[in-house]
S.K.: 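Would you mind keeping the following structure in view while I ask a few things?
These figures come from a predicted structure and were not determined experimentally.
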Amino acid sequence: MNEYEAIYAAVKRIPRGRVCTYGGVAALAGLPGRARMVGYALFALPEGTRVPWHRVINAQGKLSLERVVPGGGLQQRFRLEREGVEFDAGGRVSLARYGWKSTEY
DNA sequence: CCACTGACGAGTG
DNA sequence: GCACTCGCCAGTG
C-alpha cells in the first residue's frame, strides 16, 4: 500500500458527522508530521474514489479547500452541514465538538 | 542537482 | 485572533 492509499484509508475511518485535521489523518496513516502529504494526496485525489475528503479540515477549523479555489469551500461546508456539523460566524468548525480521535469510535 | 511550491502544523510576536 | 517563519517532503521545471 502506498502512502496515498494509506491516507485515503485513514480518511475513510472518519465517522459521519465528525471532522479530522490533516495532522490527525497523517498520524492515522502512519505519517506523523507529514500533514502536507495529506493535503497533497487529497489534492491529487482521483474522482470516483469514495473518500469523505470533506471531513478533513486544518487545525484551525477552517476549510483549506478555500485556499485553492475560493468558493470551492462552499461545497465542503454544505456536505458537512448536511451531516450535522455546525459552523460559527467565521465559517469555522469547532474541533472541540466535532473533532474525531482514533481512540473514539 | 537545485530552487520553488504547496488541501499543513507548531511556535512566536 | 492574525501574520509571519520555519520544518516537513513529494512533484515539477
S.K.: Rounded to the Å, how far apart are A/K62 NZ and C/dA3 P?
M.R.: 7 Å
S.K.: In this structure, how many angstroms lie between the P atom of B/dG9 and the CD atom of A/Q60, rounded?
M.R.: 7 Å
S.K.: Quickly work out the A/R67 CZ to B/dG9 C1' distance and round it to whole Å.
M.R.: 12 Å
S.K.: Looking only at side-chain atoms of A/M37, point me to the closest of B/dA7, C/dC9, B/dG9.
M.R.: C/dC9
S.K.: Just how far, in rounded Å, is P of C/dG1 from CG of A/D88?
M.R.: 9 Å
S.K.: How close or far is atom C1' of B/dG6 from atom CG of A/L45, stated in whole angstroms?
M.R.: 17 Å
S.K.: Would A/E3 and A/R34 pass as an ion pair if we require N to O under 4.0 Å?
M.R.: no
S.K.: Can you see if the side chain of A/R92 gets near the phosphate of C/dC2 - specifically, an N or O under 4.0 Å from OP1 or OP2?
M.R.: yes
S.K.: Between B/dA7 and C/dG13, how far apart are the two P atoms, rounded to whole Å?
M.R.: 16 Å
S.K.: Could you work out which one of B/dG9, C/dG1, B/dG6 sits closest to the side chain of A/R36?
M.R.: B/dG6
S.K.: Looking at the side chain of A/F43, which of B/dG9, B/dG6, B/dA7 is the nearest nucleotide?
M.R.: B/dA7
S.K.: Would you indicate which nucleotide in B/dA7, C/dG11, B/dC8 comes nearest to any side-chain atom of A/A35?
M.R.: B/dC8
S.K.: Would you say A/E86's side chain and A/S94's backbone share a donor-acceptor pair under 3.5 angstrom?
M.R.: no
S.K.: To the nearest Å, how far apart are A/N58 CG and C/dC2 P?
M.R.: 12 Å
S.K.: More than 12 foreign heavy atoms under 6.0 Å from CZ of A/R67: is that the case here?
M.R.: no
S.K.: Taking the side chain from A/Y40 and the backbone from A/Y4, do they hold a donor-acceptor pair closer than 3.5 Å?
M.R.: no
S.K.: Which whole-number value in Å describes the distance from A/R34 CZ to B/dA10 P?
M.R.: 14 Å
S.K.: Charged N to carboxylate O below 4.0 Å: is that the case for A/E83 and A/R55?
M.R.: yes
S.K.: Of all the nucleotides listed (C/dG11, B/dC8, B/dG9), which has the minimum atom distance to the side chain of A/T21?
M.R.: B/dG9
S.K.: Report the distance from atom OH of A/Y40 to atom P of B/dC8, rounded to the nearest whole Å.
M.R.: 13 Å
